[in-house]
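Beneath this line is the structure, given in structure tokens, with notes to follow.
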Protein chains: 2
Amino acid sequence: MSELIARSLTVGNVAGISGVSVRTLHHYEKIGLLVPAGRSDAGYRLYSDADCDRLSRILYYRELGFPLDGIATLLDDPQQDRYEHLERQRTLLRERLARIQAMVASLEREMEAHMTGYNLTPEERLDVFGDFDPAQYEDEARERWGESDAFKQSQARARSYTKEGWKAIQAEMDRFNGLFVKAMNAGTPATSQAVMALAEEHSQHISRWFYECSYEIHRGLGTMYVDDPRFTANIDKDAPGLAAYLREAIVANADRAES
Amino acid sequence: MSELIARSLTVGNVAGISGVSVRTLHHYEKIGLLVPAGRSDAGYRLYSDADCDRLSRILYYRELGFPLDGIATLLDDPQQDRYEHLERQRTLLRERLARIQAMVASLEREMEAHMTGYNLTPEERLDVFGDFDPAQYEDEARERWGESDAFKQSQARARSYTKEGWKAIQAEMDRFNGLFVKAMNAGTPATSQAVMALAEEHSQHISRWFYECSYEIHRGLGTMYVDDPRFTANIDKDAPGLAAYLREAIVANADRAES
DNA sequence: GCTTGACCCTCACCTAACGTCAGGCGGTAT
DNA sequence: ATACCGCCTGACGTTAGGTGAGGGTCAAGC
């Protein structure tokens with residue numbers, strides 16, 4: 001056996017590289033969660049590599065929201081080997097990721113609502129992360145957006161909006177509404193060239209700002225305007241029948257383009 | 001103007017749909033963070049839609065680690081409009097996501113270390129999320145793994161290991177080591193057919209369990225075994241010179257296969 | 001050898017964000 | 001009318017540390 005030079009670190013060192021405060025380390029010792037391997041002559045705490053290892057695990061579980069005494073029982077359970085921990089931590093991280101994604105989804109729902117101007121119910125607003133099932137969520141997103149690529153694009157773009165862009169998009173959406181209303185009130189059929197062109201522009205506007213809006217997706221949107229009463233109510237607010245008119249134009253345009 | 005039937009909810013209702021406790025709502029009222037719009041005759045708290053809206057924002061910021069009084073100043077700042085909040089929340093979520101990804105990366109580094117048996121330094125172990133720069137991280141990963149696809153695969157696979165798989169991989173790695181050591185000790189040249197075949201098997205084993213291991217990547221690994229003293233030390237622990245021997249075999253095999 | 005400044009020690013009290021009773025009123029369904 | 005559930009207001013407890021006070025320690029420079 002070659003000599004073992006076990007490097008030992010002081011509280012300050014450990015605090016420095018781990019990012020926790022010295023006080024926190026004191027605290028962890030007091031509650032028995034992380035007792036340093038030894039002390040120097042002067043009484044300085046000396047942390048071994050194993051201590052750092054343990055601290056790293058502690059920080060993982062702490063970040064994931066475990067109470068400190070829970071972490072202690074987890075770490076001190078002799079039943080558990082390293083693999084067990086890595087496994088659990090991975091699972092927990094996955095859940096965490098899902099939670100964040102739920103928040104992102106909720107945020108985007110709100111941005112969208114804010115944009116199109118309809119009001120969320122308190123239930124919708126407060127469903128920020130509770131009872132979140134990632135699988136169901138993915139399905140819902142896929143169902144809603146037709147395919148997940150488009151959805152991802154939406155996220156990617158949403159992330160890069162500037163304030164000006166945001167305002168511009170809203171103005172543009174208003175302009176669209178105005179044009180559609182005008183056409184409808186003038187009695188122009190939704191299937192006319194002019195109105196279909198407007199629908200085409202609408203789809204391209206979405207592509208520019210939100211996600212690659214395929215005709216399939218655009219059709220889906222049109223359907224939603226009519227089928228989802230919250231959308232319908234908002235769209236029909238100023239001009240009754242606009243939602244249906246919009247849908248007809250969108251579908252006609254999609255059919256024409258794809259034929 | 002049509003009549004406005006502002007629905008109002010009791011504490012219990014709000015607690016139910018938001019997932020926070022009644023006590024929490026009491027607390028938020030006491031500190032002035034969320035004061036319900038009104039009270040019923042009996043003194044029941046009545047929360048309006050706007051209150052729910054505010055609560056939703058509060059929960060966002062809370063989840064992101066803001067202190068409650070900080071949240072109050074954020075929400076009550078008249079300078080800030082809705083967009084400001086959405087914008088900030090998005091940024092914060094992105095940071096959060098990066099943090100989780102850093103943890104995942106750190107976890108995978110540890111799994112890998114555990115697998116190949118080398119010991120991380122305390123610094124490495126404790127670098128769980130601090131000072132994380134996603135760009136730098138990606139670069140490092142790319143540099144290390146040659147291209148990012150392979151790296152992503154590694155992550156994808158790592159996520160699906162079972163305990164048995166994990167043990168099997170370790171056993172297999174040990175078996176490889178044994179075979180290489182035997183060959184080396186027997187004086188078999190690293191460039192011999194037999195040893196190159198072993199190297200090929202090694203690469204395929206990695207492909208099976210970690211990521212599509214191209215010859216380029218495999219060569220990179222071999223180089224790392226020699227260049228990274230931590231790897232070298234661990235590999236040479238039982239059989240001095242094994243790291244260099246391994247590298248020679250891997251490179252020879254890759255050259256042969258690609259010619 | 002002495003000082004200085006960064007770092008360490010141990011109490012000890014303070015805080016944030018709730019959890020958890022206790023004791024009592026209000027509403028409503030049987 | 002009773003029973004039960006949900007609501008009310010204190011008030012104390014708890015977790016995970018923050019923030020000094022008062023006092024040793026160590027390495028560098030004069």
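Every chain is numbered from 1, with letters handed out A, B, ... down the list of sequences.
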Quiz item: Rounded to the Å, how far apart are A/Leu68 CG and D/dT14 P?
Solution: 16 Å

Quiz prompt | Spacing of B/Asp41 atom CG relative to C/dT28 atom P, expressed in whole Å | solution = 12 Å

Quiz item: Would a 4.5 Å heavy-atom cut-off, applied to side chains only, mark A/Phe66 and A/Leu92 as touching?
Solution: yes

Practice problem: Give one of base, sugar-phosphate or nothing for B/Val11, where a contact means two heavy atoms less than 4.0 Å apart. | Solution: sugar-phosphate

Self-check item: Rounded distance in Å - NE2 (A/His27) to C1' (D/dG20)
Solution: 18 Å

Exercise. Could you point out which residue of B/Val22, B/Leu46, B/Thr24 forms a side chain to side chain contact (heavy atoms under 4.5 Å, CB included) with B/Val11?
Key: B/Val22

Practice problem: Please name the residue in the list A/Asp76, A/Leu59, A/Val35 that meets the side chain to side chain contact (heavy atoms under 4.5 Å, CB included) test with A/Arg54. | Solution: A/Asp76

Quiz item: Is there a donor and acceptor pair closer than 3.5 Å between the side chain of A/Tyr28 and the base of D/dG17?
Solution: no

Quiz item: Looking at D/dC8, D/dT19, C/dG26, which one has an atom nearest to any side-chain atom of B/Ala42?
Solution: C/dG26

Quiz item: For C/dT20, does OP1 or OP2 lie under 4.0 Å from any side-chain N or O of B/Arg23?
Solution: no

Exercise. To the nearest Å, give me how far apart CD1 (B/Ile31) and C1' (C/dA16) are.
Key: 9 Å

Quiz item: Rounded to whole angstroms, how far apart are CG on B/Asp69 and C1' on C/dA17?
Solution: 11 Å

Practice problem: Quickly work out the B/Leu59 CG to C/dA17 P distance and round it to whole Å. | Solution: 13 Å

Quiz item: Taking NZ from A/Lys30 and P from C/dT10, how many angstroms apart are they, rounded to a whole number?
Solution: 8 Å

Quiz item: So among B/Asp51, B/Leu33, B/Val14, B/Thr10, which one has a side chain to side chain contact (heavy atoms under 4.5 Å, CB included) with B/Leu25?
Solution: B/Val14

Quiz item: With a 4.0 Å cut-off on heavy atoms, is A/Ser21 in touch with a base, just the backbone sugar-phosphate, or nothing at all?
Solution: sugar-phosphate

Quiz item: Can you tell which of D/dG17, C/dC18, C/dT10 lies closest to the side chain of A/His26?
Solution: C/dT10

Quiz item: Between C/dG19 and B/Thr24, is there an OP1 or OP2 to side-chain N/O distance shorter than 4.0 Å?
Solution: yes

Quiz item: If you check every side-chain atom of B/Arg39, which of C/dC9, C/dA17, D/dC8 has the closest atom?
Solution: D/dC8

Self-check item: Among D/dG17, C/dC8, D/dC8, the one nearest B/Tyr44 by side-chain distance
Solution: D/dC8

Quiz item: How is A/Ser40 classified with respect to the nucleic acid when contacts are heavy atoms under 4.0 Å: base, sugar-phosphate, or nothing?
Solution: nothing

Practice problem: Considering just the side-chain nitrogens and oxygens of A/Arg62, establish if one lies under 4.0 Å of OP1 or OP2 belonging to D/dA16. | Solution: no

Quiz item: Can you name the nearest heavy-atom pair linking B/Ser21 to B/Ala15, along with the distance?
Solution: C-CB, 4.2 Å

Exercise. Quickly work out the A/Leu25 CG to D/dG18 P distance and round it to whole Å.
Key: 10 Å

